[in-house]
Structure formats: structure tokens, C-alpha cells
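Protein chains get the first letters and strands the later ones, always in sequence-line order, with residue 1 at the start of each.
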There are 2 protein chains.
Amino acid sequence: MKIDRRVRRAGVMRAQIYAALRDAIVSAELEPGRQLSEQELAESLGVSRTPVREALVRLRDDRLVEIVPQLGTFVSRVSLAAVADAQFVREALECAAVRLAAERSDRADVRALKGILARQEEVRDAGDFDRWYVLDDELHSALCELSGHGVAWSLAQRANGHLNRVRRMSLPQPRYLHEMVAEHKLIVAAVERGDADAAEESMRHHLRMVLAALDDLRGEHPDYFEDAG
Amino acid sequence: MKIDRRVRRAGVMRAQIYAALRDAIVSAELEPGRQLSEQELAESLGVSRTPVREALVRLRDDRLVEIVPQLGTFVSRVSLAAVADAQFVREALECAAVRLAAERSDRADVRALKGILARQEEVRDAGDFDRWYVLDDELHSALCELSGHGVAWSLAQRANGHLNRVRRMSLPQPRYLHEMVAEHKLIVAAVERGDADAAEESMRHHLRMVLAALDDLRGEHPDYFEDAG
DNA sequence: ACTGCCATGCTTGTATACAAGCATACGGCC
DNA sequence: GGCCGTATGCTTGTATACAAGCATGGCAGT
């Protein structure tokens, strides 16, 4: 976890700490169930408790941690209910966004999308899952921006913490990245030809892929899930 | 603005302050452009700066306030772009939710919805706008709960601050409440007969009503809007 | 009377202190 | 050896202090 303490601009510290902790949770570097303390994190990051606390409060809003007074802060386990909620939110927002993106995009927009696709293919072949995850977010975020409502992405992120952990855990599965790239291409193709219905259909299908791996993941990491049998 | 300081349970203070400030902003009791200071709010509420600050940070996430270091905290003016964003989010989430609600609801569920409608009619006739606003939220929230994804409502609330202010300002307009109740009845009727398409159509139409009053409101309160000419 | 400069008082962001509460460990007793 | 009670050390929530920066007002000079 990296925090640039040289930059003391207003609020930058809290934002950095929030992003660093969120990424560590999504990537399971901070594994589900792990106990954290504000004091301990503050010391290891070389800051006071206040910005750490404010970052943790925001992560609690995102349901990525649970703060228990007098006991500590715990990285939450993946909740199937929260995954289902996030899936619902994601489908509703991103399918509506991609429709608008298909209706509004011009050639330059499509070229930019294809640029992201090209980089995804490079990273797919290299097996760099962290990098690929960033590029996955970048494509989805770009499509939301193209809809004229970038808020769809940033808002969905607030609910998508649990689903994002599942997304990240899915990446090492055999041929997973190949399928993801193939589906991304279908979406971008539909946006290119301005076919809103096809764009939505491809997006909906694509977003449901994530859930396909859920049972396997629960088998591999039963302790990561809160409703494990 | 009411804060119950007798209740010192963990986190309750911040949650109360957040809700009180949000409601004061949505109702324009704290009017757009108004300068606030953490210290001043803390003194008037009889608490320290910390819970006030944490509530304000959350309100900043909701785009209801702007925090300017060294200068103060300002109640944000209504942004037409933010209203459009919120409208997009609301339509996407609530239309998807009402479809599921139509598919899943049973008789008891529909009875509960009709109970809310009945209370809305009483309040409509009494002209109690604050009370009506609460009941409006209650119906929409109940429909989201019926979809099985209550998160749709709570998440949308995070993006809907600006739109909610427009919703609240619209209420005094002649016959507005009558039209709202009539449209609520159409939605509940579609849910009752399990017609997902009709439920979505009615909801979409209903949600767009709010925007109808926008130009009039800008005429009445140009200083409440940030993009006023 | 006007302009420019500087000090002051206000703000937020972060650091630190204090209060309350919980779990655990240790000691004493049976 | 087990059980019970108490103290301690940890946590979070909130209170308070400090640092940095900005705008404004007052004063001095022209």
C-alpha cells in the first residue's frame, strides 16, 4: 500500500488512503475477515488516525469493512446478497449507459474505446491480472462517460465493492480473460454501429459472466465468503 | 435541526447530524450558497467538530455541499447537470426495480403499498408538503425493497441530492400532488396485476414529471441554481 | 480620499488526547 | 485443574489542539 506523504494538499491524504485500502481489499491483499485498527494503519502509513478513520468510514459506507466499536475494524467477507445487489445495480446503470453511448458516440470515441481494447489484448496475453483489472474498469468507465452520465460509474462503484472482489478473484481462471475480451469487442462493435439494443444485450450478457465463476470461487476460498456452508 | 444528544451510542451522533443537515439542505432551510462552518454548526448543535465534520464530508460525497479549505463549507447550488445525472440514475435503478417488484409481489405487499397511497391522499388534501415528501420516498423505497434490492434506493439517494431538492421545491405547484398520486396509483395497479412492462412504463413517465417543473423553479429561484443565466 | 500592505481572525485538515467499552489474561480460590 | 472475578490493554467515537492558508479590515503613506 503506497501513500505519497509529500503531497499535503487538502484532502489528498484521505483520498489516497481510501483508494489504497479499497484496492488492497478488492485484490485480497487485505483478506476478508482480517482485523485492522486505525492506530495500526496510521502508524504503518506514517500519518495520524484522522485521515485513516475518515477513509475507513467511507469504506464502511461501501460495505467493504465493518467497524465494531471497541473491537476493531474488519475487512468484510464477500456477501452473496451484496454481490446480487451490486449485480443488479451494475446491470441497471451500465446497460442504460451503454444504450446512450451507442446513440451518442462518434468515430473519435470509438477509436478511444478500441485503444483500450488493444491494451487489454496485450495484457491478456501477458497474464497481468492487476493491470487487466484496471483496464477493465477503464473500458466500462469510458462507456459510462460516453453516455454523458459518468456518475453512473462512480456511483456504481460505491455499491460494487463485493462484486469487484469477485471480479478480481475470477481473473486467473483459464480462458477467462479471452472470453472477457471477446465480449468487450462485441459491445464496442455494437456501439460503433450505433445499435443500442445490441449494445445493451451484449453488455447484459457480459456482466452476467462474472457470476458464472462464483461457485468455483466459493469452493476455492470458503473463508472469503460470509455465507459459506 | 434536531439532534438528540442523549443518545450517545456509537456513530449515532454522526448519522443524526448527517440526516438533519441533508434534510435541511433538501428542504432549502439551509439555502443554496449558504456558508457553513464546522465550528459554528458544532456549537449550535452542542457537539464537537468531529462528528459534524464527518457528516459534512459525507454530504460532500453527495454533492450537497462544497468544502473549500480555509474558506468554509458552502451549500451547493442546484446543478442542472447533477439533476440530469440523478434523473438518469433514478430511472435506471427504479425502473429496473419496479419490474422486479411487479414480478415478485404478493397480496400483502400490494396491500402495504396501497396503505402508503391512502396516507398520501390524506396528506395531499391537507397540503402538508414535508409530510408528503416523506411518504413519496416511502413508496419508492418500498418498491425497491420489493424488488429484493433495497440498495437501489439507498444508493440512488447518494446521487439524488440535487434532484431531491427539485422534487421538494416542486411540491407547492398547483395540482402537482394530485398528479403525483394519480401516477402512483397507476404504478401500484401495474404491480398488483404483475405487469412488469406497464409498471416500468408508468414509473418512467412518473419520474420524468419532476423535470417538468424545472424551468418554472429556475424562474422563481434563480439564485438556487448554479447555471442560472 | 485612495491605494497598498500587513496583521488578524476565520476556515479546514490533520494531530493528539480523552472517555467508554469490550475481550482476554492472570491470579486466587475451591 | 477448573471456574470466577478483576484488571489491563486494546479498540472506536468524540473532544480538543495545532498548522497552514485565505480573505478582509485597518492603518499608514501619498
*Asks:* Between B:Asp136 and B:His184, does any side-chain donor sit less than 3.5 Å from a side-chain acceptor?
*Replies:*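 Yes.
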*Asks:* Below 4.0 angstrom, N of the basic side chain to O of the carboxylate: do A:Glu91 and A:Arg204 qualify?
*Replies:* yes
*Asks:* Name all residues meeting the side-chain hydrogen bond (donor to acceptor under 3.5 Å, both in side chains) criterion together with B:Asp109; count only those two or more places apart in sequence or in a different chain, and write none if there are none.
*Replies:*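 Here no residue qualifies.
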*Asks:* Between protein and nucleotides 5-11 of chain C, what N or O pairs are separated by less than 3.5 Å?
*Replies:*
from, atom 1, to, atom 2, distance (Å)
C:dT11, OP1, B:Ser37, OG, 2.8

*Asks:* Kindly write out the residues that satisfy ring pair (Phe, Tyr, Trp, His ring centres under 6.0 Å) with A:Trp153, not counting sequence neighbours, or none if the list is empty.
*Replies:*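 Listed in chain order: nothing, the list is empty.
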*Asks:* Find the distance B:Arg49:CZ to C:dT16:C1' and express it as a whole number of Å.
*Replies:*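 Rounded to the whole Å, the gap is 13 Å.
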*Asks:* Do B:Arg34 and B:Glu31 meet the salt-bridge criterion of a basic N to acidic O distance under 4.0 Å?
*Replies:*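 Yes, this pair counts.
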*Asks:* Could you tell me how far apart B:Ile67 (CD1) and C:dT14 (P) are, to the nearest whole angstrom?
*Replies:*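 For the pair B:Ile67 CD1 and C:dT14 P, the rounded distance is 11 Å.
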*Asks:* Can you see whether A:Asp62 engages A:Tyr18 through a side-chain donor-acceptor pair at a distance of less than 3.5 angstrom?
*Replies:* yes
*Asks:* In whole angstrom, what separates B:Glu54's CD from C:dG13's C1'?
*Replies:* 13 Å
*Asks:* For the pair made of CG in A:Leu56 and P in C:dT14, what is the distance, rounded to whole Å?
*Replies:* 14 Å
*Asks:* Rounded off to whole Å, could you give me the CG-to-P distance for the B:Leu45 and D:dT14 pair?
*Replies:*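 Atom-to-atom, B:Leu45 to D:dT14, this comes out as 13 Å.
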*Asks:* Tell me: CZ of A:Arg60 to C1' of D:dT12, nearest whole Å?
*Replies:* 10 Å
*Asks:* If I take atom CE in residue B:Met13 and atom C1' in nucleotide C:dA19, what distance separates them, rounded to the nearest angstrom?
*Replies:*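 Computing the B:Met13:CE to C:dA19:C1' distance gives 13 Å.
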*Asks:* How bent is the helix from C:dA1-D:dT30 to C:dC30-D:dG1, comparing axes over its five end pairs at each side, to the nearest 10°?
*Replies:*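 The end axes of the helix from C:dA1-D:dT30 to C:dC30-D:dG1 are about 30° apart, to the nearest 10°.
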*Asks:* Output all residues satisfying ring pair (Phe, Tyr, Trp, His ring centres under 6.0 Å) with A:Tyr224, sequence neighbours left out; order by chain, then residue number.
*Replies:*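 Once residues adjacent in sequence are excluded, the partners of A:Tyr224 under the ring pair (Phe, Tyr, Trp, His ring centres under 6.0 Å) criterion are A:His221.
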*Asks:* State which residues pass ring pair (Phe, Tyr, Trp, His ring centres under 6.0 Å) with B:His149; sequence neighbours excluded, sorted by chain then number.
*Replies:* A:Phe88
*Asks:* Determine whether B:Arg58 and B:Arg158 make a side-chain contact, defined as any pair of heavy atoms from C-beta on separated by less than 4.5 Å.
*Replies:* yes
*Asks:* Counting only side-chain heavy atoms from C-beta out, which of C:dG13, C:dC18, C:dA15 sits nearest to B:Arg53?
*Replies:* C:dG13
